[in-house]
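Hydrogens, waters and symmetry mates are skipped; everything else that's a heavy atom, side chains included, is used.
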Amino acid sequence: MDIFEYMLSERGDKDSPLASRLRPTTLEEVVGQQHIIGKDKLLYRAIKADKISSVIFYGPPGTGKTSLAKVIANTTKAEFTQINATSSGKKDMENVISKAKDDIGMYGKKTILFIDEIHRFNKAQQDYLLPFVEDGTVCLIGATTENPYFEVNSALVSRSVIFELHTLSKEDIAVLIRRAIDDDKKGLGSYNAYIDDEALEFLADAANGDARNALNAIELGVLTTEPESDGRIHITLDVASECIQKRALKYDKDGDNHYDTISAFIKSMRGSDPDAAVYYLARMLSAGEDIKFIARRIMICASEDVGNADPNAIVVATSAAQAVERLGMPESRIVLSQAAAYVACAPKSNAAAVAIDKAMDYVGSHPAYHIPPYLQDAHYDAASELGRGIGYMYAHDYKNHYAKQRYLPDEVADETFYELSEQGYEKQLKEHLDKIRREAE
């Protein structure tokens, strides 16, 4: 490195965004992700022992994928090389592989290749890496926001350990914001800034688990806010709201308002009011509610309150939940709106929910009665000798594919758990059952 490259590097470190400057250099500095880097966890032990194998870090933006790679770079004795799949091609990989072969052949030094946004490489580019990952020429660390089981070559996935990073908690984000304000060397400590508890709470919420969002916002706030009379830069709720471009709504995700809003949202869908459902959805999204949490509530409502009155409701809700995980915001707002509106407009029945609760209560208060022998498993050699399966009436051999046969144990024969309603598709199901039972008499 000549003097010009050195000066450029030094200036780059100072001028780089706060989120980049604050990247951890040791495992102890990493915030969150204790499910994979806790002291008793595999990844923690592997990094500490410098025995890292090929891994793929998968998770939403701003959760620390690149940070973990940087920690490994600072910990390992191996040669560490980084490329980004959005700007690199096969030629770059060929250069890395060529040098890796030289390093391992001449110095016995292995190479760790970190590929950010690895899902951006096409199949041919990913295939190129396979033999070199397999023979140990390079140890691969991939980072991706997309599900690697869908977006990364299955052969690469099978040769790597997948670590899923979770969205950072509100408490994790708050720790990072505090660190950013207090750190004199890499952070904003020299600006003598102070953040209100209310503003800290809001930023930690509004960042939606993305550390980069929060750090960009606090950096903008500190750099653009004039000091007060006491010489300190005061980050208030108004400043925080402006910097992250979200209005500070009255919505505490740990308080009553959180539960009141989600309750109103569910009751609006149950009450067949799509306008109210979308309104409460908008309030939750504007306040930074977890979109996966909202999607789960829609799925529950689709089954509990719609059920078989419209079996497609749970399909729409489940598809929406999957889409939300892959899309993120802001696109997920449309998906959630579609699903919530569909569930709200669908015919309603809680028959399935009532049925399982009634059955669970019954099972919990009665013995496990003997299953009729003709319904028991007959797929083993001595089954017939024990009377298993004898007398079973195969439904498809009978008219309407229905055989008049008792399926409940003798002691439960008079119980009815699932009572179909007259709503939507359940009415058709009820008519169908009545018809086939009547014709079988």
Side-chain angles (χ1 to χ4, degrees), residues 4 6-26 28-33 60-67 70-71 74 167-255 257-258 283-290 329-330:
F4 300 107
Y6 173 78
M7 293 301 293
L8 183 62
S9 172
E10 286 292 297
R11 188 164 60 250
D13 289 341
K14 293 176 183 177
D15 296 340
S16 60
L18 176 65
S20 178
R21 301 199 308 271
L22 275 181
R23 288 196 194 281
T25 55
T26 66
E28 288 69 28
E29 292 178 355
V30 177
V31 175
Q33 313 307 338
T63 51
K65 299 182 293 296
T66 303
S67 293
K70 294 293 187 183
V71 167
N74 289 323
T167 300
L168 294 179
S169 70
K170 183 175 67 176
E171 292 73 24
D172 293 335
I173 298 292
V175 168
L176 289 171
I177 294 172
R178 288 286 190 198
R179 182 182 295 177
I181 288 178
D182 296 339
D183 192 315
D184 289 324
K185 294 182 178 179
K186 298 188 291 183
L188 303 166
S190 61
Y191 288 87
N192 196 20
Y194 170 80
I195 185 168
D196 289 348
D197 289 342
E198 193 177 21
L200 178 65
E201 177 98 1
F202 169 73
L203 269 184
D205 258 345
N208 259 337
D210 187 331
R212 195 177 295 108
N213 271 351
L215 294 176
N216 287 345
I218 197 64
E219 182 176 32
L220 181 61
V222 170
L223 296 181
T224 60
T225 303
E226 292 294 326
E228 304 260 336
S229 57
D230 62 358
R232 304 195 72 183
I233 294 173
H234 192 184
I235 305 299
T236 63
L237 180 60
D238 287 341
V239 173
S241 177
E242 186 178 13
C243 290
I244 206 164
Q245 289 297 293
K246 285 190 178 181
R247 193 157 56 92
L249 301 181
K250 184 184 177 185
Y251 187 88
D252 178 2
K253 287 201 275 187
D254 294 320
N257 200 260
H258 160 74
R283 281 182 56 163
M284 289 187 289
L285 292 175
S286 296
E289 181 60 86
D290 182 356
M329 286 293 283

Discussion item. I need the Ile235 CD1 to Leu203 CG distance, nearest 0.5 Å.
Written reply: 8.5 Å
Worksheet, complete the sentence: When every non-hydrogen atom of Asn74 is compared with those of Pro24, the smallest separation belongs to ND2-O, 4.4 Å
Response to the item:
Nearest heavy-atom approach of Ala204 to Ile177 is N-CD1, 4.2 Å
Worksheet item: Ala193 and Val222: which non-hydrogen atoms are nearest, and at how many Å?
Response: CB-CG2, 3.9 Å
Fill in: CA sep, side-chain torsions, deciding dist, call: Asp196, His234, side chain to side chain contact (heavy atoms under 4.5 Å, CB included)
CA-CA 8 Å; Asp196 289 348; His234 192 184; 2.5 Å; yes
Worksheet item: Any side-chain donor paired with an acceptor under 3.5 Å for Ser241 and Asp238?
Response: no
Worksheet item: Quick one: does Leu188's side chain get under 4.5 Å of Leu18's, heavy atoms only?
Response: yes
Discussion item. Using the salt bridge (charged side-chain N to carboxylate O under 4.0 Å, His left out) criterion, which residues pair with Arg232? Sequence neighbours excluded.
Written reply: none
Discussion item. Asn192 vs Ile233, test: side chain to side chain contact (heavy atoms under 4.5 Å, CB included). Steps then yes/no.
Written reply: CA-CA 6 Å; Asn192 196 20; Ile233 294 173; over 6 Å; no
Practice prompt. Enter the distance from Arg21:CZ to Lys186:NZ here, rounded to the nearest 0.5 Å.
Written response: 10.0 Å
Worksheet entry | Step-by-step salt bridge (Lys or Arg N to Asp or Glu O under 4.0 Å) determination, Asp210 to Lys65 | CA-CA 12 Å; Asp210 187 331; Lys65 299 182 293 296; over 6 Å; no
Worksheet item: Between Arg283 and Glu289, is there a side-chain N and carboxylate O pair less than 4.0 Å apart?
Response: no
Discussion item. Main chain of Ser16, side chain of Ser20: is a donor-acceptor contact present, judged purely on distance under 3.5 Å?
Written reply: no
Item to complete: Answer yes when Arg23 and Asp183 have at least one side-chain N-carboxylate O distance shorter than 4.0 Å, and no when they do not.
Response: no
Worksheet item: Within a radius of less than 6.0 Å around CD of Glu198, do more than 12 heavy atoms belonging to other residues, nucleotides or ligands occur?
Response: no
Worksheet item: Just how far is it from atom CG of Leu22 to atom CD of Glu219, taken to the nearest 0.5 Å?
Response: 9.0 Å
Worksheet item: What is the distance from atom CG of Leu215 to atom CD1 of Ile173, rounded to the nearest 0.5 Å?
Response: 7.5 Å
Discussion item. For a quick test of reading the model, state the closest non-hydrogen atom pair linking Ala217 to Cys243 and the distance between them.
Written reply: O-CB, 3.5 Å
Worksheet entry | Distance, nearest 0.5 Å, that separates NZ of Lys70 from OG1 of Thr26 | 15.0 Å
Item to complete: Side-chain contact test, heavy atoms from C-beta onward, threshold under 4.5 Å: evaluate it for Asp290 versus Thr167 and give yes or no.
Response: no
Worksheet item: Taking atom OH of Tyr194 and atom OG1 of Thr236, what is their separation to the nearest 0.5 Å?
Response: 11.5 Å
Worksheet, complete the sentence: Correct closest heavy-atom pair for Ala207 and Asn213 would be O-ND2, 3.7 Å
Discussion item. With heavy-atom distances below 4.5 Å as the criterion, would you say the side chains of Leu168 and Leu176 are in contact?
Written reply: yes
Worksheet item: Looking only at heavy atoms, which two atoms of Gly62 and Arg212 are closest? And how far apart?
Response: N-NH1, 3.6 Å
Discussion item. For Glu29 and Arg179: C-alpha separation, side-chain torsions, deciding distance, then whether side chain to side chain contact (heavy atoms under 4.5 Å, CB included) applies.
Written reply: CA-CA 10 Å; Glu29 292 178 355; Arg179 182 182 295 177; 4.3 Å; yes
Item to complete: Return the set of residues passing ring pair (Phe, Tyr, Trp, His ring centres under 6.0 Å) with Tyr191 (not counting sequence neighbours), or none when no residue passes.
Response: none
